[in-house]
Amino acid sequence: EPEVTQTPSHQVTQMGQEVILRCVPISNHLYFYWYRQILGQKVEFLVSFYNNEISEKSEIFDDQFSVERPDGSNFTLKIRSTKLEDSAMYFCASSEIDRGSQPQHFGDGTRLSIL
Amino acid sequence: QKEVEQDPGPLSVPEGAIVSLNCTYSNSAFQYFMWYRQYSRKGPELLMYTYSSGNKEDGRFTAQVDKSSKYISLFIRDSQPSDSATYLCAMGSGGSQGNLIFGKGTKLSVKP
């Protein structure tokens with residue numbers, strides 16, 4: 001069964017550094033998403049992406065964050081000037097054509113640890 | 001009032017029991033309702049997806065949506081130790097372009 005893959009599984013970074021989290025969505029999916037889950041808290045929406053542009057973003061997704069689809073298969077989340085509170089699991093998800101009526105499928109996440 | 005409320009448990013049941021998990025919500029615009037299963041250090045795995053009200057059955061799993069009460073349920077029949085995981089409800093309105101709102105998750109343990 002096709003799946004969303006994310007790399008790396010665990011990223012350890014010094015505070016203030018930049019990190020790039022990578023995702024390969026399911027091949028025929030057109031809508032891409034990033035979510036995060038701080039330890040012990042809910043999964044929270046960050047951003048959705050379609051047709052090479054951001055469709056929607058949450059209050060969390062400020063100027064520190066950016067997303068990109070650099071080629072036909074990868075979808076990345078860049079976090080600049082990382083802070084301690086950025087430590088969390090980051091999940092990529094994708095869905096098929098109609099984002100409202102098709103469920104999102106999630107990857108296994110990248111655990112980001114900021115030291 | 002929080003948008004999606006879910007009892008975090010933990011919930012412990014013997015193997016073979018029927019498990020009932022539920023969520024309540026406040027936003028009447030929600031139209032799409034999902035249940036995800038999350039094992040430790042893994043991503044949410046889609047279990048059930050329902051549009052609007054009604055029931056949906058898939059094997060041992062049944063999802064119910066009652067939009068009039070703003071209440072959704074997941075039933076697991078003949079529960080197995082492999083069902084031990086955290087179960088997340090999630091909802092979307094479609095018009096919000098796919099922004100899912102999650103419950104906090106219920107941790108389930110099925111004892112052999």
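Here is the naming used below: chain letters follow the sequence lines, and residue numbers restart at 1 for every chain. Below, each value reflects all heavy atoms present in this structure, side chains not excepted, and no hydrogens, waters or symmetry copies.
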*B:R77, CZ atom: more than 12 neighbouring heavy atoms under 6.0 Å*: yes
*Which atoms of B:Y36 come close to chain A, meaning under 4.5 Å heavy atom to heavy atom: side chain ones, backbone ones, both, or neither?*
side chain
*asked:* Hydrophobic clusters here meaning ILVMFWY residues chained together by side-chain heavy-atom distances under 4.5 Å, can you tell me if A:F65 and A:Y33 are in one?
replied: no
*asked:* What part of A:Q6 gets within 4.5 angstrom of chain B, counting heavy atoms only: side chain, backbone, both, or neither?
replied: neither
_Nearest 0.5 Å, please: how far is CZ in B:F102 from CD in A:Q37?_
8.5 Å
*With a 4.5 angstrom heavy-atom cut-off, could you sort out which part of B:I101 is near chain A: side chain, backbone, both or neither?*
neither
*asked:* Below 4.5 Å, heavy-atom pairs only: which of B:Q6, B:E45, B:K42 has the largest tally toward chain A?
replied: B:K42
*Taking A:K42 for its side chain and B:V4 for its backbone only, find out whether a donor-acceptor pair lies under 3.5 Å.*
yes
_Connected via hydrophobic side-chain network under 4.5 Å: B:L108 and B:F75_ = no
_Does A:E85, at its CD atom, have more than 12 non-hydrogen atoms belonging to other residues, nucleotides or ligands within less than 6.0 Å?_
yes
*Picking from A:E3, A:M89, A:Q41, A:R111, which has the most non-hydrogen pairs under 4.5 angstrom with chain B?*
A:R111
*Hey, quick one: are B:L100 and A:F49 part of the same hydrophobic cluster, counting side-chain heavy atoms closer than 4.5 Å, chains of contacts allowed?*
no
*Does A:I26 belong to the same Ile/Leu/Val/Met/Phe/Trp/Tyr cluster as A:Y50, with side-chain heavy atoms less than 4.5 Å apart forming each link?*
no
*Answer yes or no: is there a donor N or O on one side and an acceptor on the other, between the side chain of A:Y35 and the main chain of B:N99, under 3.5 Å?*
no
